[in-house]
Amino acid sequence: MTGKVLVICEKPSAAAKIAAALSAGRPNKREKHGVTYYEFSLDGKRFVVVPALGHLYTLKNTRPLHTYPMYDVEWVPIHEADRNAKRAEPFIRVIRELGKDATEFISACDYDIEGSVVAYNVLRFVCGNGAVQKAKRMKFSTLTAQELRKAYENLMPRLDFELIEAGLTRHELDWYWGMNLSKALSSAVETAEQRFVKLSAGRVQTPTLKILTEREREIEEFEPVPFWEIAVVLRIGKLKVKAQHERGRFWDKTEAERAYSSCHGHNARVTKIESRRYRRNPPTPFNLGDLQSEAYRCFGLSPIRTQQIAQDLYQAALISYPRTSSQKLPPVIGYAEIIEKLGKIGREYGRLAAMLLEQERLEPNQGKKEDPAHPAIFPTGEPPTDIRGAHLKVYDLIVRRFFSVFAPPAVVESTKLHLEIGGEPFKLSGRKILDPGWLEFYGKYASSEEVQLPDVKVGDVLKAEEWVLEEKQTQPPPRYNPASIIREMEAKHLGTKGTRGPILQTLYTRGYIAGEQIRVTELGKQVVKALAQYCPEILSEELTAKFELEMEAIQLGKKKREEVLEEAKRKLAEILEKFRLHEAEIGKKLGEAQRVARARSRVIGKCPRCGGDLRIVVSKRSKKRFAGCSNYPQCDFSLPLPQNGLLQPLEQVCPACQSPQVLVRRAGKRPYRFCLNPECPEKEKWRGK
DNA sequence: GCAAGGTC
């Protein structure tokens, strides 16, 4: 053997696949300091394939961030900057030890700007000694053996420096903008009120907050307009149906009343029947965003919780890599084999799998979105052994979705009956599923419901039972919920698949937003207002777009990193200077808003004794927390609260007893609902056990 | 303290 090749991979699972592909399935698996790596020989050389764990290095300020602006940052091992990143340390150690006598280096991280930076930092900070100049690059778009081997055969002779430069710039720009603006916000409150409030702004979080604030404004400014609707309840045999006036909304009350009195007391006559058949195509394979959206719709799981569950399922080898944006399933994953294995898991899966395997062809209905390193999420076919609760629900959703994408389209017939009631035109719409196709595979997660229509023909007279004139009001646009805002972020290219959930969580943690139906707090509004005045750039998703253009220019060699960074510093200096001049007034408003938001976040519900606000209070004497009335000492109503974990008031009252509830979040545990009523019938059940 | 990005 004449040399030693060190292959650096993005993560442990990628290292396993890359080693297997290059060694034709025969790598020697080894372990050092708890890190698994692989060895084999190839082309007369000794290969060592090691994993990173995503970014092993991060940007850190070289001196304390007491004042702004501040641009002095350096790359440090991530465990030195983040106490929760201890597990990264052994990876650096292992790579250092194995790389000592390496003669060649290959960057085999994901082929995107972050992956390029992961490998580059490892090469320059861990391997040293010209590793950067010597290193070659593997370029692949999925981690399949075939493509990995091809990538090795067509090895790029040098690192992808253009991509690396773009990535380094992205990190620094985000740090400059985010840290400095965050510091400016917090400093403003400190100047005005001599107290510290943790505030933040950033390229992704702030435009997201802006979108939510805009919706808040639309809702506040919304003026409802009254309208009238006319419905007639018809009975045909056992079937009871509701026909609507063809005009839908009447904006004029007298017109509505005139139409109502015309039809009142009359039966309906069928004047025309229109029906049309159409196909509803199967859904596309899940990427992380789609899974988060569906898990929220079907189970009410928050995007961040779904992400955790998917990660757990992935680590249990039950599903493929979940942090993907791909909606495509390449044939190499082996459709039939997975479906067969899933079929053995249970009777229902068995029945569905058999139906799919009987089809002439297995071809997934793929979506348009792609991912540089991973296919869409799919079940591996491994039998789940010990999964329960939400994990089981998400697993089932993923399996059924996987089945569905191979199933035929559903055939639906929609029918519209035109009716005449006392000279007024009415309509009755129905939907019938002629062939369920994929709907049967998606099962209870499919939303399409049939609307049954009576079997009638033109000229038939249907008996009317009830005539209804209803006054309604136009509704404001709906509030975003965690799933819909994440979809919006994706549509506007804000954040990445893995960061959208956590960034939304940051907005909650800062107290900028609250509630399942997301409302922007007074604090969130004031942050947006202050930034709108002094730094409109950070509010708009265009900053992300601008960043992308700059990154592209760097990748094309049209711009230099230093140039882009200097430009950002100049811009920020200008913005921050103006901001500082108004620190006191900005800080006063932010501080006041923070108090309002904090007070509101403690309100759990109404006091059942006096109607005041029931709030979370911490006892001065015992330091214990309890729910107390805002009218204390006039009203001394109180209830006990759990003492451990973070409490989050819930909008919905307890389904069993209609009392207010809080969500209890404890580190590493599943959040649970706590009903304030000590006598809640649900708790009685538990006591009995 | 404070971002956004990767990872488990």
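Labels below follow one simple rule: chain letters A, B, ... track the order of the sequence lines, proteins then strands, and each chain is numbered from 1. None of the values given here were measured: they were computed from a predicted structure.
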5' priority, DNA chain B, between H171(A) and K497(A) [closest heavy atom]: H171(A)
dA4(B) phosphate, OP1 or OP2, under 4.0 Å from T499(A) side-chain N/O: no
Touch class at under 4.0 angstrom, heavy-atom based, for L56(A) against every strand present: nothing
Sugar-phosphate only, base, or nothing, as touched by A52(A) at under 4.0 Å among non-hydrogen atoms: nothing
Short side-chain N/O contact to dG5(B) OP1/OP2 from R323(A), under 4.0 Å: no
Nucleotide dA4(B), atom C1' - distance to CG of D174(A) in whole Å: 5 Å
Per Q311(A) side chain, nearest of listed nucleotides dA4(B), dG6(B), dC8(B): dC8(B)
Sugar-phosphate, base or nothing in reach of Y57(A), heavy atoms under 4.0 Å: nothing
Residue-phosphate contact under 4.0 Å: S200(A) side-chain N/O, dA3(B) OP1/OP2: yes
Basic-acidic side-chain contact under 4.0 Å: K546(A), E550(A): yes
Aromatic ring pairing H374(A)/Y321(A), orientation class (parallel under 30°, perpendicular over 60°, tilted between): parallel
Plane angle bin for Y534(A) and F579(A) - parallel if under 30°, tilted between 30 and 60°, otherwise perpendicular: perpendicular
Residues E97(A) and K32(A) bridged, charged N to O under 4.0 Å: yes
Atom-pair distance (CG on D110(A); P on dT7(B)), nearest Å: 6 Å
Whole angstrom value for the distance that separates P of dA3(B) from CG of D82(A): 12 Å
Whole-Å gap separating C1' (dG6(B)) and NE2 (H79(A)): 16 Å
Shortest side-chain distance from Y321(A), nucleotide among dC8(B), dG5(B), dA3(B): dC8(B)
Under 4.0 angstrom between R203(A) side-chain N/O and dG5(B) OP1 or OP2: yes
For atom CG of L531(A) and atom P of dA3(B), their distance in whole Å: 13 Å
Separation of dT7(B) P from D312(A) CG (nearest whole Å): 16 Å
Sugar-phosphate, base or nothing in reach of R510(A), heavy atoms under 4.0 Å: sugar-phosphate
Parallel, tilted or perpendicular, as decided by the 30° and 60° cut-offs, for the rings of W75(A) and H55(A): tilted
Whichever of T206(A) and Q315(A) has its nearest DNA chain B nucleotide further upstream toward 5': T206(A)
Minimum-distance nucleotide to T496(A) side chain [options: dG5(B), dA4(B), dC8(B)]: dG5(B)
Spacing between R87(A) atom CZ and dT7(B) atom C1', to the nearest angstrom: 7 Å
Rounded distance (Å) that lies between atom P of dC8(B) and atom NE2 of H55(A): 13 Å
Sugar-phosphate, base or nothing in reach of E114(A), heavy atoms under 4.0 Å: sugar-phosphate
Selected nucleotide, minimal atom distance to L59(A) side chain, candidates dC8(B), dA3(B), dG5(B): dA3(B)
side-chain N/O R170(A) vs dA4(B) OP1/OP2, d < 4.0 Å: no
Sugar-phosphate, base or nothing in reach of I78(A), heavy atoms under 4.0 Å: base
Minimal non-hydrogen separation, A184(A) against E583(A), with atom names: O-OE2, 4.3 Å
Sugar-phosphate only, base, or nothing, as touched by G495(A) at under 4.0 Å among non-hydrogen atoms: sugar-phosphate
Sugar-phosphate, base or nothing in reach of V118(A), heavy atoms under 4.0 Å: nothing
R323(A)/D371(A) salt bridge by N-O under 4.0 Å criterion: no
